[in-house]
J.: 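Can you keep this structure in mind? I'll have questions shortly.
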Amino acid sequence: MTQKTILITGANKSIGFETARQLGALGHRIWLGSRDGARGQAAVERLLGEGHDVRLLEIDVVDDGSVRQAVGRVQEEDGRLDVLINNAGIPGAMSKPSQQEISDIRTVYETNVFAPIRVTQAFLPLLRSAGGGSVVMVSSGLGSLGWVNDPSHPFHAVNILGYNSSKTALNAVTVAFAKELAAESIHVNSVDPGYTATDFNGHSGYRSVEQAAAGIVWLASQDGTGPTGGFYFDQAVVPW
């Protein structure tokens, strides 16, 4: 197996941390992205203790300067990036659509939509240096218009304007990047980790972080013949 250099944003806990663990177990070099340096270093120490090749990368995905510094460090130490996993995200308020404040929706979009665009654009030169990299956007089934508009689907009952629409927008971002970068053999896909027990939802989800990370790891492990421009849940296609 060829070792890949992989960056995971928002990886100091939950799904991001488990994704780092599973990819580390496969022998890949992991940049563990974290906005909080202390929490990120604690996560790195845990993974180092398990024998993984992992380093802390302090990165605030909503801050241009922080992202530029992160790019500079990866450039200096590795000179390339094989896989970028845009995992960082926030839920926002659980208000009814008619009651959610515009300011809260804007904050959600800053992290869930604009940040993945910012980070992907910034790391593109390093993905190109890898000679055909991969970008994984950690989306949500709540961003699937097909699912949330289907009365027979469980997600139909979850009507959260800011979060749901931010993930729908992220899926559109995925398609746009996939179309542009296909000629350079850089694959871009979205993945739904499923309703997972995390701090995000007060640990009410029915899936484990191990199950959630597996789909992300599957996409991150694809070679040059793998899919691009798709949306997946447990390796199956999700309707847009």
Side-chain angles (χ1 to χ4, degrees), residues 5-12 15-16 19 31-35 57-75 80-92 100 102-130 132-145 160-193 200 215-216 219-220 222 227-232 238 240:
T5 299
I6 301 173
L7 165 60
I8 309 165
T9 65
N12 62 282
I15 297 172
T19 301
W31 285 100
L32 188 146
S34 177
R35 181 178 61 179
L57 186 68
E58 290 192 46
I59 179 170
D60 183 347
V61 297
V62 301
D63 182 85
D64 289 333
S66 176
V67 173
R68 283 196 299 269
Q69 288 182 349
V71 171
R73 185 172 172 211
V74 176
Q75 171 67 58
R80 77 178 204 276
L81 184 67
D82 296 286
V83 182
L84 167 62
I85 300 175
N86 284 302
N87 170 72
I90 60 173
Q100 189 171 9
I102 290 293
S103 59
D104 185 67
I105 297 171
R106 182 176 292 114
T107 299
V108 171
Y109 270 63
E110 284 291 344
T111 299
N112 294 2
V113 183
F114 301 132
I117 295 172
R118 173 185 294 109
V119 175
T120 301
Q121 289 177 340
F123 278 94
L124 261 179
L126 288 175
L127 289 163
R128 288 176 170 130
S129 294
S134 176
V135 180
V136 180
M137 306 289 194
V138 180
S139 184
S140 168
L142 292 171
S144 165
L145 296 178
I160 305 168
L161 175 58
Y163 182 77
N164 292 14
S165 67
S166 75
K167 293 301 186 178
T168 305
L170 180 61
N171 289 342
V173 169
T174 295
V175 171
F177 274 119
K179 289 166 65 178
E180 177 188 355
L181 300 175
E184 300 178 64
S185 298
I186 296 176
H187 294 189
V188 188
N189 293 284
S190 286
V191 61
D192 170 25
F200 231 51
I216 302 171
L219 276 176
Q222 297 296 307
T228 191
F231 185 19
Y232 298 91
V238 178
W240 295 116

J.: Under the criterion side chain to side chain contact (heavy atoms under 4.5 Å, CB included), I'd like the reasoning laid out for Leu127 against Leu181: C-alpha separation, chi angles, the key distance, then a yes or no.
T.: CA-CA 11 Å; Leu127 289 163; Leu181 300 175; over 6 Å; no

J.: Quick one: are Leu126 and Leu7 in side-chain contact, heavy atoms under 4.5 Å?
T.: no

J.: Let me know which of Asn189, Thr120, Val191 forms a side-chain contact (heavy atoms from CB on, under 4.5 Å) with Met137.
T.: Thr120

J.: Which pair of non-hydrogen atoms, one from Tyr109 and one from Ser165, has the smallest distance, and what is that distance?
T.: OH-OG, 2.8 Å

J.: Restricting to non-hydrogen atoms, name the atom on Gly89 and the atom on Thr111 that form the minimum distance, rounded to 0.1 Å.
T.: CA-CG2, 3.8 Å

J.: Can you tell me if Asp60 and Ser66 form a side-chain donor-acceptor pair at under 3.5 Å?
T.: no

J.: For the CZ atom of Arg68 and the CD atom of Gln75, what is their distance to the nearest 0.5 Å?
T.: 15.5 Å

J.: Can you tell me how far the CD1 atom of Ile186 sits from the CZ atom of Arg128, to the nearest 0.5 Å?
T.: 5.5 Å

J.: Applying side chain to side chain contact (heavy atoms under 4.5 Å, CB included), can you list everything that pairs with Gln121, at least two apart in sequence or on another chain?
T.: Ile117, Phe177

J.: Are the side chain of Arg118 and the backbone N or O of Val61 linked by a donor-acceptor pair below 3.5 Å?
T.: yes

J.: Any chance you could measure Asn112, atom CG, to Leu170, atom CG, to the nearest 0.5 Å?
T.: 7.5 Å

J.: Would a distance-only check, ignoring hydrogens and angles, find a side-chain to backbone donor-acceptor pair under 3.5 Å from Thr228 to Val188?
T.: yes

J.: To the nearest 0.5 Å, tell me how far Asn171 CG sits from Leu145 CG.
T.: 8.5 Å

J.: Got a second to check how far Leu32's CG is from Ile59's CD1, nearest 0.5 Å?
T.: 11.5 Å

J.: When you measure from the side chain of Asp82 to the backbone N and O of Thr5, does any donor-acceptor pair fall under 3.5 Å?
T.: yes

J.: Where do Val108 and Ile90 come nearest, in terms of heavy atoms and distance?
T.: CA-CD1, 3.8 Å

J.: Check for a donor-acceptor pair, side chain of Asn87 on one end and backbone N or O of Gly10 on the other, with a separation under 3.5 Å.
T.: yes

J.: Measuring from Thr168:OG1 to Leu142:CG, what's the distance to the nearest 0.5 Å?
T.: 9.0 Å

J.: Can Ser190 and Thr174 be counted as having a side-chain donor-acceptor contact under 3.5 angstrom?
T.: yes

J.: Give the minimum heavy-atom separation between Lys167 and Ser139, together with the two atoms involved.
T.: O-OG, 3.5 Å

J.: Closest approach of Ser140 and Tyr163, non-hydrogen atoms and distance?
T.: CB-OH, 3.6 Å

J.: Looking at Leu219 and Pro227, what are the two nearest heavy atoms and their distance?
T.: CD2-CG, 4.2 Å

